[in-house]
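Have a look at the structure below, then the notes.
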Amino acid sequence: MPLELIPGKFMAHKCFISFKTKDIGYKTFIHDHLNVDMIDKSLHDPINSNDEDYIMRKIRENYLSDSTVTIFLIGDRSAENSLYEDQCFIKRELQSSLYDGIGNTKNGILGVVLPSMIEKIFPKSNNICSVCGRIHTIVKINNDTVIKEFVYNYYIPNDKCSWEEDDRYCVLTTWENFCNNPNYYIDMAFLKRTHSISAKTKVKP
């Protein structure tokens, strides 16, 4: 079942923004300056607690449970293998976003690659496939660029030699493209929730 986006036919979606503290300026720009038709369900002020479980419970109850799209800002400190980085919160935010159960429906996931990561994720090179002989564009979504919750649900295992848009649950775009047409990408992520690929996602790969 292919995604069908009708130009100009967008509705406001409730969005939660997952980001590393270093990248808060991008989150603030989306909230304060970007012309986007969304209902912001993000956390704007830190929760006053040192208890990680309590903080995540409050995030789930007050923010994620009422959202339908999670926007994951992919910066240079957002990777599974980032040295000296505690990825606890962004991992649990994506896990909660992917979970479909009572009181917490699955969100669409939109990864937005920030400028510092463009060359690392979108290298200017292609690969000639040894299976089909065609040229595949290289997109480096792996544990060195993002957390594994995003990796698995972007490159969901299949029996083919490459991935089409309908083979992925996570949507990926650059910061520039997102800023030029945010409603389009948010709507694309939202529609993934009812796409057949939604049945193949994993919360904890």
Side-chain angles (χ1 to χ4, degrees), residues 10-50 52 54-80 82 84-99 104-122 141 144-151 153-154 169-190 192-193:
F10 302 109
M11 60 178 288
H13 300 302
K14 296 179 179 179
C15 298
F16 177 88
I17 303 176
S18 181
F19 62 98
K20 297 294 289 185
T21 303
K22 177 193 174 186
D23 300 319
I24 192 171
Y26 292 99
K27 186 262 184 190
T28 302
F29 183 86
I30 294 172
H31 181 264
D32 294 346
H33 303 291
L34 199 60
N35 183 22
V36 54
D37 189 16
M38 77 176 196
I39 301 167
D40 190 356
K41 297 299 296 183
S42 300
L43 180 66
H44 296 293
D45 299 305
I47 295 172
N48 187 22
S49 174
N50 293 320
E52 290 184 0
Y54 172 80
I55 293 172
M56 272 311 305
R57 179 163 58 83
K58 286 300 180 183
I59 289 174
R60 283 194 299 269
E61 291 175 354
N62 299 335
Y63 302 94
L64 274 168
S65 66
D66 194 32
S67 63
T68 54
V69 173
T70 294
I71 301 172
F72 173 36
L73 300 183
I74 302 172
D76 54 18
R77 297 188 184 182
S78 305
E80 187 78 23
S82 290
Y84 312 116
E85 288 293 322
D86 181 358
Q87 308 297 31
C88 173
F89 287 112
I90 60 171
K91 286 175 69 65
R92 290 170 73 178
E93 286 166 359
L94 258 69
Q95 288 167 4
S96 293
S97 298
L98 290 161
Y99 178 73
N104 191 104
T105 56
K106 184 183 295 185
N107 280 14
I109 308 293
L110 170 59
V112 178
V113 181
L114 302 181
S116 63
M117 290 295 289
I118 294 294
E119 292 185 4
K120 192 168 184 179
I121 290 179
F122 300 108
I141 290 297
D144 292 325
T145 56
V146 295
I147 54 175
K148 64 180 181 180
E149 286 77 8
F150 192 89
V151 176
N153 294 292
Y154 183 75
Y169 185 73
C170 294
V171 175
L172 186 71
T173 189
T174 64
W175 173 253
E176 180 180 7
N177 287 341
F178 175 71
C179 289
N180 287 337
N181 199 350
N183 295 318
Y184 172 83
Y185 292 104
I186 291 172
D187 213 50
M188 182 182 291
F190 177 83
K192 291 281 190 174
R193 300 164 73 242

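Side-chain contact between Glu149 and Ile109 is absent, with no heavy-atom pair separated by less than 4.5 Å. Here the side chains of Lys20 and Ile90 are in contact, with some heavy-atom distance below 4.5 Å. Counting heavy atoms from C-beta on, the side chains of Tyr26 and Trp175 come closer than 4.5 Å. Residues Thr145 and Ile74 have side chains not in contact (no heavy-atom distance under 4.5 Å, counting atoms from C-beta outward). With contacts defined as side-chain heavy-atom distances shorter than 4.5 Å, the pair Ile71/Tyr185 does not qualify.
The aromatic rings of Phe72 and Phe150 sit tilted relative to each other, their planes meeting at an angle between 30° and 60°.
Scanning all heavy atoms of the two residues, the minimum distance from Cys179 to Phe29 falls at SG-CE2, 4.1 Å. Minimum heavy-atom separation, Tyr154 to Cys170: CD1-O, 3.5 Å. The two residues Ser78 and Gln87 have their closest heavy-atom pair at C-NE2, 3.5 Å. Of all heavy-atom pairs between Leu98 and Lys106, the closest is O-CE, 3.3 Å. Across all non-hydrogen atoms, the minimal contact from Thr105 to Arg193 is OG1-NH2, 3.8 Å. Of all heavy-atom pairs between Asn35 and Asn183, the closest is O-ND2, 4.3 Å.
For the atom pair CZ of Phe19 and CG of Leu114, the computed distance is 11.5 Å after rounding to the nearest 0.5 Å. The OG atom of Ser18 sits 6.5 Å away from the CD1 atom of Ile147 when rounded to the nearest 0.5 Å. With values rounded to the nearest 0.5 angstrom, Leu110 atom CG is found 11.0 Å from Lys192 atom NZ. Thr28 contributes atom OG1, which lies 10.5 Å from atom CG of Asp23 (distance to the nearest 0.5 angstrom). Taking NZ of Lys91 as the start and CG of Asp86 as the end, the distance is 10.5 Å to the nearest 0.5 Å. Taking NZ of Lys148 as the start and CG of Leu94 as the end, the distance is 12.5 Å to the nearest 0.5 Å.
Between Val113 and the choices Thr173, Leu172, Leu73, the side chain to side chain contact (heavy atoms under 4.5 Å, CB included) rule is met once, by Leu172.
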Original post:
What's the verdict on side-chain contact (heavy atoms from CB on, under 4.5 Å) for Asp187 and His13, showing C-alpha distance, side-chain angles and the deciding distance?
Top reply: CA-CA 8 Å; Asp187 213 50; His13 300 302; 2.6 Å; yes

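Every residue two or more places apart in sequence or in another chain that forms a side-chain hydrogen bond (donor to acceptor under 3.5 Å, both in side chains) with Asp76 is listed here: Lys22. Residues satisfying the side-chain hydrogen bond (donor to acceptor under 3.5 Å, both in side chains) criterion with Thr174, sequence neighbours excluded, are Asn177.
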